[in-house]
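Input: a single structure, listed below in structure tokens.
Numbered from 1 within each chain, the chains take letters A, B, ... in sequence-line order.
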Number of protein chains: 2
Amino acid sequence: MARRAGVSRTTASFVLSGRTDMRISPDAQRRVNAAAAELGYRPNQTARSLRTQVTRTIGMISDTIATTQFAGEVIHGALDTALERGYLLLVAETSGDPIAEKKLVDEMLDRQVDAVVYAMMFTKPGCPPDALSELPVVVLNGIDDFDGPRILPDELGGGRTAARALVDAGHHDDIYAIGGRHRTTDTPDGVYAGRLRMRGVDEVLADAGTAIAGSYECAWEPEHGYEGVASLLDEGHRPKALVCLNDRLALGAYQALEERGLRVPEDVSVVSFDDSDLASWLRPTLTSVALPHYELGKTAVATLLDGTSGRRLITVPMPLRPRDSIRTVSA
Amino acid sequence: MARRAGVSRTTASFVLSGRTDMRISPDAQRRVNAAAAELGYRPNQTARSLRTQVTRTIGMISDTIATTQFAGEVIHGALDTALERGYLLLVAETSGDPIAEKKLVDEMLDRQVDAVVYAMMFTKPGCPPDALSELPVVVLNGIDDFDGPRILPDELGGGRTAARALVDAGHHDDIYAIGGRHRTTDTPDGVYAGRLRMRGVDEVLADAGTAIAGSYECAWEPEHGYEGVASLLDEGHRPKALVCLNDRLALGAYQALEERGLRVPEDVSVVSFDDSDLASWLRPTLTSVALPHYELGKTAVATLLDGTSGRRLITVPMPLRPRDSIRTVSA
DNA sequence: CTGAAAGCGCTAACAC
DNA sequence: GTGTTAGCGCTTTCAG
């Protein structure tokens, strides 16, 4: 122990934890700090935790951390915020398997995590298991009702932002949506993000005295983006602007457009969602409304650490990343 | 304590940890197990760790966990292996900042991690800080010399695999490399992966009695892939097959090819490296030699847990992911 | 203001 | 075979 530095362990403990309950002689303080620095003393967090019931460790459970860069940035944001306050992250994923989830939750509980972020990598239903009910928990990206803080991207605002980017550039007519609400046989009502994004788009277009010229409903994968644009063109539509509901759809759309000899953005402007790596890889680079991964992670941990509990919905803005796929049309 | 289940804590501790030093009455065993199950007893790992000096937690430190899906899959593999053996992962990233790294290493050390995976998301120089010298450490993706196990993708073998895919499909002449060794002004000697991949390619081509027709050296980004292919074509070359040194280059190459009216794979076959998401998004889908992210993570943790130490290099195979971008040419 | 002492929950000597 | 006991390294009451 660094306590062999002139004072008792009590005194040392007090100055190191910066308590002022009992006034400690400035001299003693100096001596303790000096000794601690000199010996490179670092308290054993395990021992401390046993005593204080606080591990300064928070669990991060997600369904998938692999697929998509979503996870990486979320963890990054969460970690930065955690580290700022002296916390560390126990990261794990369930792969959607309840058995794996149980095991993993137990392991975390065994290690006395102070709180957990229960994250889903795509906005969808899902609730933390009962075993976590004793702990502070925030749900990231969950749509299901949950009696605690929930963090979600502001998809509605994102939809508005996308449409506004087009309107501000002077677009008015012949604006088509590719992907739409994601209405497929599997998801006849569309998906959460699709419904909200489209509602935001519709709102702004309505405000501008216009409306979407058509919406191609499909799963949000490149091939459907291709098919969507191709079929639009085949049916004689002549879009001036495309709202692609994600970047992968935009990839497909680019291909279809190029094939027909239509240039982006000269002939048709494109705005998209997610701001994945693709957006900056495509040529021309793609203007996209970003999923605020990093901020979502940050917000989740901050919410946990601020002790804000109780049922509430926290919504994180989706910022526009302007690139080269929108042409300003002079009126 | 569940120990109030008929026997003493010692007995309970013994049966729960499955020790046979002292023969315990089968009856007692049953009673203990029953009680444990009934009460849902789980030992407090914090307390146990304090006593045993084992936390069953391993630290995973990387420079970037965000960019590229690399990180996600690596963590996934590491986590699966860890969890199988009752370990959990403390995940953190340094963002390449030594200050951040120090803080984070200290926090991990405070929490008494049993071992650490020191990972770099791109194969490059880098060594774990001295503070970690007391702990079992494996280095993932580090090129620098290090006195312990190092895990690397088998880039040389990967290069061979890519070339063999072309040769096996009947290609022989007019095979060009795009990206090459990544020789740029910043990296005049190319990069590690580039040198090895190209060496593997050269070897296999030599074995087949031929050689690369040309190599366009550039940074491995889409625009350079585009430029590379465009300039090749402009100079009158007529490639029958392209070895793109990563998928992003292939993206650019596809665009250049399409622009000149050359079809993949009818006119030119393409094989690539990394097997990123892009590979399956492109049309036609891209045959790519995969970076074995998941396996790298798995191997890292397994190596750590198996207690294999000492300086050695562990190389993980890069498997081919055959898709639609190679045409079989009949001789 | 400082020191002695208890105890967090568990494991592992060591007696019974 | 089973129970008693002493810590792991730290915080925190409670007397000096």
Check whether more than 12 heavy atoms from other residues, nucleotides or ligands sit under 6.0 Å from atom CG of B:Asp130, and answer yes or no. no
Minimum heavy-atom separation for B:Arg111 and A:Thr46, please, with both atom names. O-OG1, 3.9 Å
Lys/Arg-Asp/Glu bridge criterion (N-O < 4.0 Å) met for B:Lys103, B:Asp97: no
Side-chain N,O (A:Tyr41) to OP1/OP2 (D:dC10) below 4.0 Å: yes
Double-helix bend of the helix from C:dC1-D:dG16 to C:dC16-D:dG1, axes at both ends from 5 pairs, round to 10°, gives 50°
Show me, pair by pair, the donor-acceptor contacts under 3.5 angstrom made by side chains of residues 307-314 of chain A, not counting sequence neighbours?
unit_1, atom_1, unit_2, atom_2, d
A:Thr308, OG1, A:Thr303, O, 3.4
A:Arg311, NH1, A:Asp145, OD1, 3.1
A:Arg311, NH1, A:Asp145, OD2, 2.7

Which pairs, protein N/O on one side and nucleotides 5-7 of chain C N/O on the other, fall under 3.5 Å?
unit_1, atom_1, unit_2, atom_2, d
C:dG7, N2, A:Arg51, NH1, 3.3

Members of residues 43-50 of chain B that approach DNA chain C, where some heavy atom sits under 4.0 Å away: B:Pro43, B:Asn44, B:Ala47, B:Arg48
Supply the atom-to-atom distance B:Leu132 CG to B:Leu109 CG, rounded to the nearest 0.5 angstrom. 6.0 Å
Which nucleotide in the set D:dT11, C:dC10, D:dG3 lies at the smallest distance from any side-chain heavy atom of A:Ser13? D:dT11
Name all residues meeting the salt bridge (Lys or Arg N to Asp or Glu O under 4.0 Å) criterion together with B:Lys102; count only those two or more places apart in sequence or in a different chain, and write none if there are none. B:Asp106
Any pair with a residue in residues 49-65 of chain A that passes salt bridge (Lys or Arg N to Asp or Glu O under 4.0 Å), sequence neighbours left out, goes on the list, sorted by first then second residue, please. A:Asp63-A:Lys124
Which of these nucleotides, D:dG9, D:dT13, D:dT11, is closest to any side-chain atom of A:Thr52? D:dT11
